[in-house]
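Shown next, in structure tokens, is the structure this report addresses.
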Amino acid sequence: MTACIVGWAHTPFGKLEDPDIESLFGRVARAAIEDAGISAAEVDGAFVGVFNAGFSKQDFFASLLLQTIPELRFKPTTRYENACATGSAAIHGALDFLAAKRGRFALVVGAEKMTATPGAQVGDILLGASYRKDEGEIPAGFAGVFGRIAESYFQRHGDQSDALAAIAAKNHKNGVANPYAQMRKDLGFAFCRAESEKNPFVAPPLKRTDCSLVSDGAAAMILTDEETAKSMAKAVRFRAAVQATDLMPIASRDVIRFEGARAAWGQALGQAGLSLADLSFVETHDCFTVAELIEYEAMGLVPEGQGARAALEGWTTKEGRLPVNPSGGLKSKGHPIGATGVSMHVLAAMQLTGTAGEMQLPRADRAGVFNMGGAAVANYCSILERA
């Protein structure tokens with residue numbers, strides 16, 4: 001059975017006044033239901049993505065959704081968590097629910113409230129998405145993990161600082177057009193390339209412009225089966241949805257190859273019966289610029305070690321052969337952990353239905369969405385198309 005996205009909602013990302021997750025749920029859950037043109041009573045199950053891990057003393061978020069949508073009382077509602085791919089895990093829960101014919105309409109909500117937590121504590125919480133036995137003492141937290149990945153990549157393939165700056169500059173330029181983005185500022189290549197007081201090293205060779213932002217935010221969507229979607233006002237079809245999990249310790253694998261991402265992309269394109277050239281654009285998980293660089297190789301856009309070509313030759317700009325992150329990506333948009341995977345799918349759906357406003361690409365028929373948890377540990381790839 002093929003599922004379709006038929007409604008959605010999205011808050012701005014950034015330092016929001018919302019006091020908690022409950023408030024963020026309130027901004028998107030009912031709005032997504034209304035956008036789909038159905039009543040809350042028609043929702044048969046809800047799938048909630050929140051990482052938490054210490055950002056909030058309140059937990060047990062699935063039942064908290066009923067505070068916002070009391071019509072869900074006595075219906076199945078489940079919370080999902082899979083590091084930075086938490087939102088996509090919730091989506092997969094909804095896809096399985098629909099495939100099992102347990103219901104007709106599923107609500108997916110992803111949210112995170114991060115900015116109320118002190119910076120050092122944020123770093124420690126996020127480090128929980130790495131293998132603490134080996135990686136718990138790496139300086140600069142999770143940025144330090146990706147700093148090591150960048151160092152290893154540079155050692156094998158040469159200094160890629162120009163490519164990382166090009167990726168950062170592209171995503172910040174794209175983010176100017178995204179009304180939900182936390183940072184809507186075209187920083188330019190020169191600023192992103194140079195170490196400065198405003199752009200210091202965070203985890204060498206990664207600078208501040210190489211790192212996604214700590215954010216609050218939420219996104220939600222309604223999924224239904226393809227037959228039901230035919231009568232809806234709009235529909236975006238899942239042509240493929242794949243999850244591939246890799247080993248967590250970076251010492252246990254060749255960490256600069258992102259083999260889990262490679263597997264997810266290969267399986268998703270195979271399931272869809274498509275090649276990368278058939279896609280109009282990609283939304284990919286640029287938690288750090290080096291992640292986007294390696295993901296170019298994992299998706300098959302360039303051979304191994306040649307990610308810089310795609311960045312420096314403009315292949316992935318809005319005007320390039322395969323636009324990557326026309327939304328501005330996590331780099332510009334922000335990265336509220338539980339919301340990210342849902343947000344990526346919503347923004348792709350907006351492109352595919354021609355409702356992306358200033359972000360809109362001239363041709364948007366099919367999209368690839370890649371959402372990653374940890375250092376390429378939880379890997380989710382979706383192929384979406386306008387139904």
Side-chain angles (χ1 to χ4, degrees), residues 1-10 28-29 32-33 35-36 38 42-50 62 65 72 75-111 219-230 232 234-245 260-261 263-274 283 285 338-350 352-353 366-373 378-387:
M1 187 211 76
T2 303
C4 295
I5 307 168
V6 293
W8 51 78
H10 201 299
V28 292
I33 292 167
D35 188 58
I38 63 173
E42 290 178 273
V43 174
D44 298 303
F47 303 82
V48 175
V50 183
L65 186 60
L72 289 173
K75 296 183 181 182
T77 309
T78 310
R79 183 263 188 99
Y80 288 76
E81 183 278 311
N82 214 2
C84 308
T86 286
S88 289
I91 291 169
H92 275 238
L95 293 174
D96 291 345
F97 176 81
L98 294 172
K101 300 190 186 304
R102 291 178 57 206
R104 195 162 66 111
F105 289 107
L107 168 66
V108 180
V109 184
M221 60 192 199
I222 297 293
L223 299 180
T224 190
D225 61 89
E226 191 170 19
E227 192 58 37
T228 300
K230 288 177 182 177
M232 309 296 284
K234 59 188 176 187
V236 172
R237 178 191 297 115
F238 278 86
R239 185 136 171 184
V242 168
Q243 176 189 4
T245 305
W265 269 105
Q267 290 173 43
L269 289 169
Q271 195 178 97
L274 299 171
E283 284 288 336
H285 193 98
T340 289
V342 184
S343 166
M344 295 170 87
H345 284 79
V346 166
L347 288 161
M350 289 171 66
L352 294 171
T353 53
R366 294 194 187 101
V369 177
F370 176 72
N371 181 205
M372 176 175 82
N379 302 277
Y380 290 84
C381 190
S382 301
I383 307 296
L384 303 176
E385 64 184 3
R386 191 183 315 158

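The chain is numbered in sequence order, starting from 1. Scope of the values below: all heavy atoms of this structure, side chains included, with no hydrogens, waters or symmetry mates. Given the structure is predicted, the values throughout are model-derived calculations rather than measurements.
- Taken to the nearest 0.5 Å, the CZ atom of Arg239 stands 11.5 Å off from the CG atom of Leu384.
- Rounding to the nearest 0.5 Å gives a distance of 11.0 Å between CD of Glu227 and OG1 of Thr2.
- Using a 4.5 Å heavy-atom cutoff, the side chains of Leu269 and Ile383 are in contact.
- Contact annotation: the side chain of His285 never approaches that of Tyr380 to less than 4.5 Å [non-hydrogen atoms, C-beta and beyond].
- In this structure a side-chain-to-backbone donor-acceptor pair under 3.5 Å is missing from Asp44 to Ala106.
- No side-chain heavy atom of Met232 sits less than 4.5 Å from a side-chain heavy atom of Ile222.
- Cys381 and Ala268 get closest at one heavy-atom pair: SG-CB, 3.8 Å.
- Distance alone, capped at 3.5 Å, is enough to place a donor-acceptor pair between the Arg79 side chain and the Val50 backbone.
- For the atom pair Cys4 SG and Glu226 CD, the distance stands at 5.0 Å (nearest 0.5 Å).
- Closest approach of Ala29 and Leu65 over heavy atoms only: CB-CD1, 4.0 Å.
- Side chain of Lys75 to main chain of Val43: a donor-acceptor pair is present (N/O by atom type, distance under 3.5 Å, no hydrogens or angles).
- Smallest separation of non-hydrogen atoms from Val109 and Val342: C-CG2, 4.4 Å.
- Taking all atoms of both residues into account, the shortest heavy-atom contact from Ala32 to Ala9 is N-CB, 3.6 Å.
- With values rounded to the nearest 0.5 angstrom, Asn82 atom CG is found 6.5 Å from Thr245 atom OG1.
- Without hydrogens or angle criteria, Arg386 side chain to Leu352 main chain gives a donor-acceptor distance under 3.5 Å.
- Taking all atoms of both residues into account, the shortest heavy-atom contact from Ser88 to Asn371 is OG-OD1, 2.8 Å.
- Side chain of Ser382 to backbone of Ala241: no donor-acceptor contact under 3.5 angstrom is found.
- The shortest distance between side-chain heavy atoms of Thr228 and Val6 does not fall below 4.5 Å.
- Panel note: side chain Thr353, backbone Ala349; a donor-acceptor pair is recorded below 3.5 Å.
- Two residues are said to be in side-chain contact when any heavy atoms from C-beta on lie closer than 4.5 Å; Leu347 and His10 meet this criterion.
- Residues passing the side-chain hydrogen bond (donor to acceptor under 3.5 Å, both in side chains) test with Glu42, sequence neighbours excluded: Ser39.
- Between the CZ atom in Phe47 and the CG atom in Leu98 there is a gap of 7.0 Å [rounded to 0.5 Å].
- By the 4.5 Å heavy-atom criterion applied to side chains, Leu223 and Phe97 are not counted as neighbours.
- By the ring-ring contact (aromatic ring centres under 6.0 Å, His included) test, Phe238 pairs with His345, sequence neighbours left out.
- Not a single donor-acceptor pair under 3.5 Å links the side chain of Gln243 to the backbone N or O of Ala378.
- Ala90 approaches Val48 most closely through the heavy-atom pair CB-C, 4.1 Å.
- Taking CD1 of Ile5 as the start and OG1 of Thr224 as the end, the distance is 12.0 Å to the nearest 0.5 Å.
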Lys234/Asp35 under salt bridge (charged side-chain N to carboxylate O under 4.0 Å, His left out): CA gap, chis, key distance, verdict: CA-CA 10 Å; Lys234 59 188 176 187; Asp35 188 58; 2.7 Å; yes

